[in-house]
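Read the structure below first, then the notes.
Quick note: residue numbers are just sequence positions, from 1.
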Amino acid sequence: MPEPGASVLPPTPPAHSPLFRAEQFVWLTARVLEQRLFAYHFLNGAADPVETALDAYRNEDGGYGHALEPDLRGPVSQPLHVGHALHVLDAVERCGGQRVDRVCRYLTSVSTPDGALPAVHTGQRGYPTAPFIPVVEDPPSSLLATGPVVGLLHRNEVWHAWLFRATDFCWQAVESLEKSHPYEIEAAVAFLDSAPDRPRAEAAADRLGRLVRDQRLAVLEPDNLDSYAVPTGYAQGEHHFPHDYARTPHSLARAWFTDAEMSRSLDHLASEQQEEDGGWPVRWRQWTPGILLEARPMVTIRALRTLRAYGRHIG
């Protein structure tokens, strides 16, 4: 008999199910943060241990560093680390309060003249950094960095002065996109899915959906990958699929794809991408071995959450 007040453990997933195999992979390779996140999402784990693990990456300036986003090494706070931290807090329903107020003060301190975020702040100079994330003296505003942060703060009904100009920047950037690439589109979707002006967001998303299809930024036939060119600067095989844009059925990007296209995308995610060791692969450029070890558990948790959001059996 369990002791009074003890947590009830969930049933063990069937051996060889996607979830069982992924669990073994996570325990074998993941950082403490991803272990705690996996337990929260799939093993009835609590939110407090996730917050405690995330705190190890928090800095006194209110931002996050210490390679929370593995492609940026070193201790200094960076906007991309903050975006990652907000994703974690949102996932465990803790994206609010004084912690997020401190985050917004940090964001204000590193914003560009138009109120947005650079992809990388100059404080990163001198620390190991992915070669595809250049550190420049006067970094421009970046939708890739700003869109997800603004979207997550709106999603959690955070109100802070920093949001006003940052939101205006996101609208201008999204509505003026003509030639783009998958990660920028993903950032735009992250903003639009939670932007307060829903009719405007729906109209902008509809236009982006046509752009994605016209520019062939989503693989609609996974069995015919060779017919889809990888965007300039991306790694060989760094394709994007419908499920990368519409991570849940409630995303505005879901309307960009037919049921058959989304089904093929999820089939590919479920059956073709999980590897022998139980984890999902990293498709972007791998510039040092440690990045692969740290990033694959993140990608694995995201894949499982996407499959579950669409009602796919994971175990």
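- In this structure a side-chain-to-backbone donor-acceptor pair under 3.5 Å is missing from R105 to D61.
- Note that the CD1 atom of I133 and the CG atom of L72 stand 4.5 Å from one another [nearest 0.5 Å].
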Problem set entry | Pair D114-Q172, side-chain contact (heavy atoms from CB on, under 4.5 Å): steps then yes or no | CA-CA 11 Å; D114 54 5; Q172 188 278 329; over 6 Å; no

For this session: Would you sort out whether S194 and L152 count as a side-chain contact (heavy atoms from CB on, under 4.5 Å), showing the intermediate values?
Result: CA-CA 7 Å; S194 299; L152 284 165; over 6 Å; no

For this session: List the steps and the verdict of ring pair (Phe, Tyr, Trp, His ring centres under 6.0 Å) for H84 and Y64.
Result: CA-CA 9 Å; H84 192 125; Y64 289 80; 9.5 Å; no

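- In summary, the aromatic rings of Y183 and H240 are positioned with their centroids under 6.0 Å apart.
- Taking every heavy atom of both residues into account, V150 and A166 meet most closely at CG2-CB, 3.7 Å.
- Screening H87, R31, E69 against M298 for a side chain to side chain contact (heavy atoms under 4.5 Å, CB included) leaves a single residue, R31.
- Side-chain rings of W171 and F191 approach one another, their centers coming within less than 6.0 Å.
- Seen from the ring of W280, R296 does not count as a face-on cation partner, given the 6.0 Å and 45° thresholds.
- With hydrogens and angles ignored, the 3.5 Å screen pairs a side-chain donor or acceptor of Q35 with a backbone N or O of A30.
- Proximity of a side-chain donor or acceptor of Q273 to a complementary backbone N or O of P281 within less than 3.5 Å is not detected.
- One finds a salt bridge joining R247 and E186 here, because a Lys/Arg side-chain nitrogen approaches an Asp/Glu carboxylate oxygen to under 4.0 Å.
- The salt bridge (Lys or Arg N to Asp or Glu O under 4.0 Å) contacts involving residues 220-231 comprise nothing, where partners must be two or more places apart or lie in separate chains.
- Ring geometry, Y245 versus W256: the interplanar angle falls from 30° to 60°, so the pair is classed tilted.
- Between the side chain of R264 and the backbone N or O of P222 there is no donor-acceptor pair closer than 3.5 Å.
- In this structure a side-chain-to-backbone donor-acceptor pair under 3.5 Å is missing from R165 to W162.
- The environment of N224 atom CG is dense: over 12 non-hydrogen atoms of other residues, nucleotides or ligands sit within 6.0 angstrom.
- Without hydrogens or angle criteria, N44 side chain to A39 main chain gives no donor-acceptor distance under 3.5 Å.
- The main-chain N or O of L68 is never found under 3.5 Å from a side-chain atom of H66 such that the two would form a donor-acceptor pair.
- Taking the charged nitrogens against the carboxylate oxygens, R99 and D55 do have a contact shorter than 4.0 Å, which makes a salt bridge.
- A cation-pi geometry, defined here as NZ or CZ lying under 6.0 Å from the six-membered ring centre and within 45° of its normal, holds between R216 and Y228.
- Remark: R200 engages E175 in a salt bridge, criterion side-chain N to carboxylate O under 4.0 Å.
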For this session: Would you sort out whether H181 and Y234 count as a side-chain hydrogen bond (donor to acceptor under 3.5 Å, both in side chains), showing the intermediate values?
Result: CA-CA 10 Å; H181 60 92; Y234 281 39; 2.7 Å; yes

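- In this structure, Y106 contributes its side chain and S77 its backbone to a donor-acceptor pair below 3.5 Å.
- With contacts defined as side-chain heavy-atom distances shorter than 4.5 Å, the pair Y127/V135 does not qualify.
- Under 4.0 Å is where a charged nitrogen must lie from a carboxylate oxygen, and between D90 and R155 at least one such pair does.
- Taking a cutoff of 4.0 Å between a charged side-chain nitrogen and a carboxylate oxygen, E51 and R58 do not qualify as a salt bridge.
- By the 4.0 Å N-to-carboxylate-O rule, D259 lies close enough to R254 to be salt-bridged with it.
- Taking each heavy atom of V230 and H239 in turn, the nearest pair found is CG2-CE1, 3.6 Å.
- Side-chain atoms of E294 do not come within 3.5 Å of backbone N or O of I291 as any donor-acceptor pair.
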For this session: Given side-chain contact (heavy atoms from CB on, under 4.5 Å), test F257 with R213 step by step and report yes or no.
Result: CA-CA 9 Å; F257 309 106; R213 298 184 75 93; 3.9 Å; yes

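- Between T167 and H154, the side chains place a donor N or O and an acceptor N or O closer than 3.5 Å (distance only, hydrogens not considered).
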For this session: Step by step, work out the side-chain contact (heavy atoms from CB on, under 4.5 Å) result for L211 and S180.
Result: CA-CA 8 Å; L211 183 151; S180 190; 4.3 Å; yes

Problem set entry | Stepwise salt bridge (Lys or Arg N to Asp or Glu O under 4.0 Å) test for D244 and R283 | CA-CA 12 Å; D244 290 312; R283 299 199 302 268; 2.9 Å; yes

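- Inspection of the H243 and S265 side chains reveals an N or O donor paired with an N or O acceptor under 3.5 Å.
- Here R198 does not pair with D193 in a salt bridge; the nearest charged N to carboxylate O distance is not below 4.0 Å.
- A donor-acceptor contact shorter than 3.5 Å is absent between the side chain of E275 and the backbone of G279.
- Checked for salt-bridge contact, D48 and R94 meet the test: a charged N lies under 4.0 Å from a carboxylate O.
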